[in-house]
Q: 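Supplied in structure tokens, the structure appears directly below.
The shown structure was predicted, so the numbers you read here are calculated from the model rather than taken from an experiment.
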Amino acid sequence: MKNTSEVGKELYENLGKLFYAIAMADSRVHEKEVSKLRTFIRQYWLKVDELEDDFGTDAAYQIESVFDWSMDHDLDSEACYADFREFYEDNKGMFSAFIKVLILDTANAISNSFSGKNKSELVMLGKLELLLK
């Protein structure tokens, strides 16, 4: 059985996959989307908890690390979304109302940051909203 710290780190890793999936929904990640994610991490996600990674860094930076790794490896957005969905379904108790709102706010901010929301992003955001209800 995994301890709370390990599951907490997995939360941030899976959020990195989710936010990458949102940004990559239109088959391209734009610099404005990356910038918006980094802004949200620093303004909001770092304040969520005191969890640290194995290196003593705030675990919320795992969002950025996994996002960047996913982008570097050109991962499939649907597969990344599916990974997040599976993690969410297995760990629903970790997702407070506040966390759900912050996830949706971050996802919407990413998709709005470059030329507004396109059809692919709207579809993925709709699936995310239904999942988090």
Q: With side chain to side chain contact (heavy atoms under 4.5 Å, CB included) as the test, would you mind laying out the steps for Ser65 and Asp68 before giving the verdict?
A: CA-CA 5 Å; Ser65 296; Asp68 290 347; 5.9 Å; no
Q: Residues two or more places apart in sequence or in another chain: which of them pass side-chain contact (heavy atoms from CB on, under 4.5 Å) with Asp26?
A: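 Only Arg28, His30, Asn118, Glu121 meet the side-chain contact (heavy atoms from CB on, under 4.5 Å) criterion with Asp26.
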Q: Taking atom OG of Ser70 and atom CD of Glu13, what is their separation to the nearest 0.5 Å?
A: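 Nearest 0.5 Å value for the OG-CD distance: 10.5 Å.
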Q: Is Phe84 close to Leu128 at the side-chain level, that is, under 4.5 Å between some pair of heavy atoms?
A: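 Result yes, sub-4.5 Å side-chain heavy-atom pair found.
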Q: For the pair Lys36 and Glu31, find out whether any cationic side-chain nitrogen is under 4.0 Å from an anionic carboxylate oxygen.
A: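 Looking at Lys36 and Glu31, the cut-off is not met.
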Q: In chain order, what residues pass the salt bridge (charged side-chain N to carboxylate O under 4.0 Å, His left out) check against Glu129, with sequence neighbours excluded?
A: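 In terms of salt bridge (charged side-chain N to carboxylate O under 4.0 Å, His left out), with neighbours along the sequence ignored, Glu129 is linked to no residue.
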Q: Roughly how far apart are Ile22 CD1 and Met24 CE, rounded to 0.5 Å?
A: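 Reported value, rounded in 0.5 Å steps: 13.0 Å.
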Q: Measure the shortest side-chain to side-chain distance between Tyr88 and Leu18 over non-hydrogen atoms and say whether it is less than 4.5 angstrom.
A: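 Not in contact.
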Q: With a 4.5 Å cut-off on side-chain heavy atoms, are Leu37 and Glu33 touching?
A: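 Glu33 does not reach Leu37 side chain to side chain.
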Q: Using the six-membered ring wherever Trp is involved, compare the ring planes of Tyr44 and Phe40 and label them parallel, tilted or perpendicular (cut-offs 30° and 60°).
A: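 The arrangement is tilted - the two ring planes meet at 30° to 60°.
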Q: Mind checking whether Tyr12 and Val48 have side chains closer than 4.5 Å, heavy atoms only?
A: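 A side-chain contact exists here, since the closest heavy-atom pair is under 4.5 Å.
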Q: Keeping Tyr81 on the side-chain end and Lys127 on the backbone end, is there a donor-acceptor pair under 3.5 Å?
A: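 At least one qualifying donor-acceptor pair exists.
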Q: For Lys100, enumerate each residue passing the salt bridge (charged side-chain N to carboxylate O under 4.0 Å, His left out) test, keeping only those at least two apart in sequence or located in another chain.
A: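 Partners of Lys100 under the salt bridge (charged side-chain N to carboxylate O under 4.0 Å, His left out) test: none.
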Q: What residues form a salt bridge (charged side-chain N to carboxylate O under 4.0 Å, His left out) with Glu64, not counting sequence neighbours?
A: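 With sequence neighbours excluded, Glu64 shows a salt bridge (charged side-chain N to carboxylate O under 4.0 Å, His left out) to Arg38, Arg42, given in chain and number order.
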Q: Taking all heavy atoms of Ala60 and all of Ile41, pick out the closest pair and write down the distance.
A: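 Shortest heavy-atom separation between Ala60 and Ile41 comes out as O-CG2, 4.1 Å.
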Q: Run Glu10 and Gln62 through side chain to side chain contact (heavy atoms under 4.5 Å, CB included) and show every step you take.
A: CA-CA 9 Å; Glu10 283 185 44; Gln62 287 298 310; over 6 Å; no
Q: Does the side chain of Val34 reach to within under 4.5 Å of the side chain of Phe67, using non-hydrogen atoms?
A: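 With C-beta onward as the side chain, the pair touches.
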Q: Taking atom CD of Glu50 as the centre, does the number of heavy atoms from other residues, nucleotides or ligands within less than 6.0 Å exceed 12?
A: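 For Glu50, atom CD is not crowded (no more than 12 foreign heavy atoms under 6.0 Å).
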Q: If you group Ile, Leu, Val, Met, Phe, Trp and Tyr by side-chain heavy-atom gaps below 4.5 Å, do Val101 and Phe95 land in one group?
A: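 They do not share one cluster, since no chain of ILVMFWY contacts under 4.5 Å joins Val101 to Phe95.
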Q: Among residues at least two apart in sequence or on other chains, which ones pass salt bridge (charged side-chain N to carboxylate O under 4.0 Å, His left out) with Asp58?
A: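 Salt bridge (charged side-chain N to carboxylate O under 4.0 Å, His left out) list for Asp58, sorted by chain: empty.
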Q: Is it true that Phe98 and Leu51 fall in one hydrophobic cluster, defined by side-chain heavy atoms closer than 4.5 Å?
A: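 Yes: a chain of side-chain contacts under 4.5 Å links Phe98 to Leu51.
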Q: Could you tell me whether the side chain of Leu131 reaches within less than 4.5 Å of the side chain of Glu89, counting heavy atoms only?
A: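 Result yes, sub-4.5 Å side-chain heavy-atom pair found.
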Q: Cys80 and Ala21: which non-hydrogen atoms are nearest, and at how many Å?
A: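 That closest heavy-atom pairing would be CB-CB, 4.1 Å.
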Q: Do Tyr20 and Val66 touch side chain to side chain, with heavy atoms closer than 4.5 Å?
A: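 When only atoms from C-beta onward are counted, Val66 and Tyr20 do not touch, as no gap falls below 4.5 Å.
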Q: With a 4.5 Å heavy-atom cut-off, do Phe87 and Met94 have their side chains touching?
A: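 SC-SC contact between Phe87 and Met94 confirmed.
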Q: Sequence neighbours left out, cut at 3.5 Å: what donor-acceptor pairs do the side chains of residues 103-110 make with other protein atoms?
A:
from, atom 1, to, atom 2, distance (Å)
Thr106, OG1, Trp45, NE1, 3.0
Thr106, OG1, Leu102, O, 2.7
Asn108, OD1, Lys117, NZ, 2.7
Asn108, ND2, Leu104, O, 2.8

Q: Could you go through Asn14 and Asp83, starting from their C-alpha distance and side-chain angles, then the distance that decides it, and tell me whether this counts as side chain to side chain contact (heavy atoms under 4.5 Å, CB included)?
A: CA-CA 7 Å; Asn14 280 281; Asp83 287 349; 4.2 Å; yes
